[in-house]
Each structure stands twice: as C-alpha cells, then as structure tokens.
Amino acid sequence: MVRKIQAQADAVGNREEIDKLIIKSQKKAEYGAQNLGHFGLGFERYTHFTSPIRRYSDLTLHRLLKAKLRNDEKFFNYLLLNIEATCSNLSELEREADRVAFDFMDRKFVRWAKERIGQRFNAYISENQNVAVARLDDEIKGARIFLGSYCVNLLQKVIVEITDANIATAEIFGKVVKKIDV
C-alpha cells in the first residue's frame with residue numbers, strides 16, 4: 001500500500017512531502033525492555049544504535065551486547081535492573097531533545113524570515129486542518145509559514161509572501177499569493 005502511494009507521489013513530483021507524511025503517521029519509536037521487532041522492516045528482532053555512540057541508549061545497548069558476547073550474566077542482569085524505567089526515561093528524554101531541536105530550528109527560520117518580510121517564496125501546504133500551514137520549498141526548506149484561515153488542499157504548491165515574523169513565539173506568518181498547478 002505504501003509503495004503504491006509513493007509511486008503516485010513520484011508521478012506528481014511530491015515524493016519527499018508524501019514520505020514525510022507517511023513517517024509522521026507512524027507510531028513514534030520508543031525504547032522498550034522487550035524486543036518487539038520492527039514492524040516496518042518486518043524483522044522479528046531488531047535493535048538500533050548510532051555510530052559513533054552519541055546517546056545513553058546507545059551506551060546501554062553496547063554494554064548489554066558486550067556482556068552477552070562475553071557470557072557475563074552477572075553484569076548483563078545488573079544492566080537489566082530497572083530497564084523498563086530506563087527505557088521509558090530514555091524515550092521521554094529523546095522526545096524532549098527533539099522538541100528542543102525543532103524549537104531551535106523554528107527560531108533560526110524566524111530570524112531569517114524577519115529580514116525577508118514582503119518577499120515571496122515557493123512552498124507547499126503541509127497542514128490544513130485548523131490553520132493552514134505552508135512549508136518553504138525554496139532557498140530555505142522546511143520553515144513553517146502560518147497562513148491563518150486560508151483554505152487550500154494538502155500538498156498544494158503555492159507561492160507565499162512573508163508578512164510577519166515573531167521571534168518570541170517562533171512563528172512566521174504569510175499569505176498565499178499564487179497557487180501553482182502541477
């Protein structure tokens with residue numbers, strides 16, 4: 001099913017946006033004490049860590065794997081003490097780190113937009129439920145532009161004009177000046 005959607009997205013030239021929506025619709029990854037596999041990849045057993053080791057979750061996993069390879073059951077079992085709470089905390093801390101990173105990027109985008117009020121840029125509609133939101137798809141990619149009560153189809157390509165930028169709230173405001181037919 002996903003491949004059919006992606007094939008249609010390729011045909012109309014918005015594969016990147018569709019892939020982002022597919023990923024957004026998936027359940028958030030989280031650390032768990034039980035190996036539940038990976039649904040998307042179809043693996044019964046699955047683990048993941050970054051290289052080089054950058055997170056405490058990576059360090060914990062490396063320690064567990066090394067203990068298992070050395071047949072060090074005492075250390076392995078020690079590492080598993082309170083593993084459910086550790087996994088829960090790691091998942092929450094990672095989500096918080098993501099929120100901080102997104103907030104940082106939003107503020108960088110707003111500073112950029114503050115110097116470009118009145119200028120026009122290519123974008124596409126990324127949200128259209130309560131408030132329409134466009135994402136820049138120009139020299140800067142991904143910045144969110146709030147369009148207010150504008151009614152437009154999801155993924156519609158548009159040209160937006162930046163009308164305001166508020167650093168305190170990390171919001172860029174704009175208006176659609178043209179719909180682009182694909």
Side-chain angles (χ1 to χ4, degrees), residues 2 5-6 9-10 12-32 38 40 48-61 85-182:
V2 170
I5 293 169
Q6 289 173 320
D10 283 336
V12 295
N14 61 359
R15 171 71 181 264
E16 187 177 339
E17 295 87 4
I18 293 296
D19 283 347
K20 287 176 186 174
L21 289 172
I22 290 169
I23 290 169
K24 192 175 180 180
S25 72
Q26 302 295 311
K27 183 181 175 195
K28 274 279 203 192
E30 60 184 44
Y31 298 103
H38 192 288
H48 171 84
F49 52 87
T50 58
S51 180
I53 299 170
R54 293 192 305 253
R55 301 182 180 116
Y56 187 72
S57 56
D58 299 333
L59 181 60
T60 302
L61 178 59
T86 300
C87 289
S88 178
N89 288 337
L90 288 170
S91 294
E92 183 54 40
L93 289 170
E94 195 151 309
R95 283 194 246 311
E96 179 62 23
D98 287 345
R99 283 190 290 273
V100 168
F102 290 134
D103 184 59
F104 174 80
M105 284 306 299
D106 285 345
R107 289 181 196 288
K108 294 295 277 184
F109 286 142
V110 171
R111 285 186 176 90
W112 172 87
K114 192 89 168 150
E115 298 174 4
R116 287 162 180 81
I117 292 175
Q119 293 182 23
R120 296 176 177 188
F121 299 93
N122 293 318
Y124 64 91
I125 303 302
S126 63
E127 297 174 40
N128 66 352
Q129 289 180 331
N130 299 328
V131 174
V133 177
R135 291 227 179 230
L136 285 185
D137 192 26
D138 210 304
E139 64 184 80
I140 295 288
K141 295 191 181 301
R144 295 180 306 154
I145 312 292
F146 293 91
L147 304 172
S149 59
Y150 189 77
C151 186
V152 68
N153 292 333
L154 193 62
L155 300 178
Q156 170 73 52
K157 292 185 185 269
V158 294
I159 295 177
V160 296
E161 181 178 314
I162 296 173
T163 58
D164 195 12
N166 185 325
I167 294 173
T169 62
E171 293 175 320
I172 304 169
F173 301 96
K175 63 181 179 181
V176 173
V177 294
K178 182 179 179 184
K179 290 183 184 179
I180 301 172
D181 294 321
V182 181

> Between Ile172 and Phe109, which heavy-atom pair has the shortest distance, and what is it?
Replying inline: CD1-O, 3.7 Å
>> Heavy-atom count check: over 12 atoms from other residues, nucleotides or ligands less than 6.0 Å from Gln129 CD?
In response: no
>> Check Arg107 with Asp103, please: is the shortest side-chain N to carboxylate O separation under 4.0 Å?
In response: yes
>> Within this structure, what is the OG-CG distance for the pair Ser126 and Leu155, rounded to the nearest 0.5 Å?
In response: 8.5 Å
> How far does CZ of Phe121 sit from NZ of Lys141, to the nearest 0.5 angstrom?
Replying inline: 12.5 Å
> Rounded to the nearest 0.5 Å, what separation is found between the CZ atom of Arg144 and the CZ atom of Arg135?
Replying inline: 6.0 Å
> Which pair of heavy atoms, one from Ala165 and one from Lys114, lies closest together, and at what distance?
Replying inline: O-NZ, 3.0 Å
> Quick one: are Glu92 and Ser88 in side-chain contact, heavy atoms under 4.5 Å?
Replying inline: no
> Considering all heavy atoms of both residues, which atom of Asp164 and which atom of Ile117 are nearest to each other, and what is their separation?
Replying inline: CA-CD1, 3.9 Å
> ring pair (Phe, Tyr, Trp, His ring centres under 6.0 Å) with Phe146: which residues, sequence neighbours excluded?
Replying inline: none
>> Working to the nearest 0.5 angstrom, can you tell me the gap between Asp138 CG and Gln119 CD?
In response: 10.0 Å
> Is there side-chain contact between Asn166 and Val110, with at least one heavy-atom pair below 4.5 Å?
Replying inline: no
>> Within this structure, what is the CD1-NZ distance for the pair Ile145 and Lys175, rounded to the nearest 0.5 Å?
In response: 13.5 Å
> Residues two or more places apart in sequence or in another chain: which of them pass side chain to side chain contact (heavy atoms under 4.5 Å, CB included) with Ile159?
Replying inline: Arg120, Asn122, Val177, Lys178, Ile180
>> Tell me the closest heavy-atom pair linking Asn153 and Ile125, and the distance in Å.
In response: O-CB, 3.5 Å
> Considering only heavy atoms from C-beta outward, does the side chain of Leu147 approach that of Asn128 to under 4.5 Å?
Replying inline: no
